[in-house]
A.B. asks: 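Here's a structure for you.
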2 protein chains.
Amino acid sequence: MKSRAATTKRRTRIQRENEELILESALEVFSKHGFRGSTIDQIASAAGMSKPNLLYYFRRKEDIHRALLNRLLDTWLAPLRALDPKGDPLPEIQAYIARKLEMARDYPRESRLFANEILQGAPHIGDELSGPLKELVDEKAKVIASWVDEGRLAPCHPHHLIFSIWATTQHYADFDAQVRSVLGRAAPARFADAAEHLDALFMRGLAP
Amino acid sequence: MKSRAATTKRRTRIQRENEELILESALEVFSKHGFRGSTIDQIASAAGMSKPNLLYYFRRKEDIHRALLNRLLDTWLAPLRALDPKGDPLPEIQAYIARKLEMARDYPRESRLFANEILQGAPHIGDELSGPLKELVDEKAKVIASWVDEGRLAPCHPHHLIFSIWATTQHYADFDAQVRSVLGRAAPARFADAAEHLDALFMRGLAP
DNA sequence: ATTTTGTTTGTCCATTTGGTAAAAATTGCT
DNA sequence: AGCAATTTTTACCAAATGGACAAACAAAAT
């Protein structure tokens, strides 16, 4: 049996380095042009290597995309995982919103990568959405529902509250072009202003 | 001088019909696969005509895309235009949110088309964004700011309030795949639930 | 009816793109 | 050093795609 990059657990230093380099470059390219809008050549040259060389590590374009999405899903959902059922409702949600907004600011490429994938109907990670993602959301929605029941949070539809938080925070990464255009040339304070605004909106909107 | 479909004002019945047919088909295809992911062949066959025939009406793929975006921007911004400075703040915003959500429900393809364009950095309508769109938003932001000044609305950053409304409502069109996955197979009431949730969130969040 | 104008089709082409195969170069190990 | 495994390059291919062109066809105008 031949030992292949994809199948073998034992990976060389060069393999590790190059796979990392490829994924980083692919994130840059995919997040900017979408899956179909990106070419292997673009990714390869962004990674400073030849196309066949890149294909030595990932045999298909789709493999790179999948690897990226899988690797990112965990990081992306970390803030929601951190929502503590034993904490105080308002501060917990407040912290969640703040964390999500920070991620939109610090990892806009990741956000856009996901946005692109979902926009196209989630052809590559549909299973992840209706599986692990749904489970996590359902679990946290229950937590929120119990907070509502206990009167520690204004009545609201938990799932849709989570959607609202996703939408408002990721908006600043996914629709950055629009935000910049509307706010005028450079809008250096846009994330700070957004933080203030979202905090006020949700805290007032959710206070019992 | 030859009279061309693109340059002449005088258009025949067949021109009008076919251009309409092409734009409708293109909306279907572009909104599903994005600009680069869509082929002229797909659009042509969706319109039930041959590729060269389609290219007779729109000489370049990009022309179709541009025509679509231009035609849609007006419709898309109509709800914001309808925000009445002389109306009552809360009901005005309430109606705006409701209208925007209805548009996400009734015109998801249009929403996704825009989302795709903005995600890629708005290469085709950047000018529209920083021109007419910015002006409209600035104008309405002033209205909101004056409401805040008069104490008829909770303090908030007007531009970001508008962003929040865009984000939360369009989320149900743009991220439909995710919403469906998370809510489970068929989620027939998702728009009704969303309407209720967003209404509560924003009305509580914005009440003075 | 004939000419002019508008519409449609068939054919073709250059480029781009995802991917392959095998040779050449490099690295790691003993 | 010398050998095997890994990595990189060169050359190549088939399919897909955007678009050009002229001939054939239909509709209007005269």
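Sequence lines set the chain letters: A, B, ... in the order given, protein chains first and strands last, and positions in each chain run from 1.
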A.B. asks: Could you state the interatomic distance from CG (Leu183(A)) to CD (Gln178(A)), rounded to the nearest 0.5 Å?
C.D. replies: 10.0 Å
A.B. asks: Can you confirm if the aromatic rings of His197(B) and Phe163(A) lie within a centre distance of less than 6.0 Å?
C.D. replies: no
A.B. asks: Rounded to whole angstroms, how far apart are CG on Leu54(A) and P on dT7(D)?
C.D. replies: 14 Å
A.B. asks: Does a side-chain N or O of Asn53(B) approach OP1 or OP2 of dT9(C) to a distance below 4.0 Å, or not?
C.D. replies: yes
A.B. asks: How many whole angstroms separate atom CD1 of Ile14(B) from atom P of dC25(D)?
C.D. replies: 17 Å
A.B. asks: Compile the donor-acceptor pairs under 3.5 Å between side chains in residues 42-52 of chain B and protein atoms, sequence neighbours left out, one pair per line.
C.D. replies:
| residue | atom | partner | partner atom | Å |
| --- | --- | --- | --- | --- |
| Gln42(B) | OE1 | Thr39(B) | N | 3.2 |
| Ser45(B) | OG | Gln42(B) | O | 3.4 |
| Ser50(B) | OG | Asn53(B) | N | 3.4 |

A.B. asks: Under the side chain to side chain contact (heavy atoms under 4.5 Å, CB included) test against Pro123(B), which residue among His65(B), Glu117(B), Glu62(B) passes?
C.D. replies: Glu117(B)
A.B. asks: Protein within reach of the bases, or only the backbone? For nucleotides 17-24 of chain C, mark each nucleotide 5' to 3' as B, S or -, using heavy atoms under 4.0 Å.
C.D. replies: SBBBB---
A.B. asks: Any side-chain N or O of Thr12(A) less than 4.0 Å from the OP1 or OP2 oxygen of dT7(D)?
C.D. replies: yes
A.B. asks: Testing Ile64(B), Ile22(B), Asp63(B) one by one against Tyr57(B) for a side chain to side chain contact (heavy atoms under 4.5 Å, CB included), which residue passes?
C.D. replies: Ile22(B)
A.B. asks: CG of Leu21(B) versus P of dT7(C): gap in Å, rounded?
C.D. replies: 14 Å
A.B. asks: In Å and rounded to the nearest 0.5 Å, what is the CG to CG distance from Leu23(A) to Leu68(A)?
C.D. replies: 5.0 Å
A.B. asks: Can you tell me the distance, in whole Å, between the CD atom of Glu17(A) and the C1' atom of dT26(C)?
C.D. replies: 15 Å
A.B. asks: Between dG28(C) and Arg13(A), is there an OP1 or OP2 to side-chain N/O distance shorter than 4.0 Å?
C.D. replies: yes
A.B. asks: Below the 4.0 Å mark, does dT7(D) have OP1 or OP2 next to a side-chain nitrogen or oxygen of Gln15(A)?
C.D. replies: yes
A.B. asks: Calculate the interatomic distance between Tyr56(A) atom OH and dA11(D) atom P; express it in whole Å.
C.D. replies: 21 Å
A.B. asks: Can you tell me if the side-chain N/O atoms of Asn18(A) get under 4.0 Å from OP1 or OP2 in dT8(D)?
C.D. replies: yes
A.B. asks: Is the His160(A)-Tyr172(B) ring centre distance short of 6.0 angstrom?
C.D. replies: yes
A.B. asks: Determine: side-chain N/O of Tyr57(A) to OP1/OP2 of dT6(D), distance under 4.0 Å, yes or no.
C.D. replies: no
A.B. asks: For Ser50(B) and dT8(C), is the shortest distance between a side-chain N/O and OP1 or OP2 below 4.0 Å?
C.D. replies: no
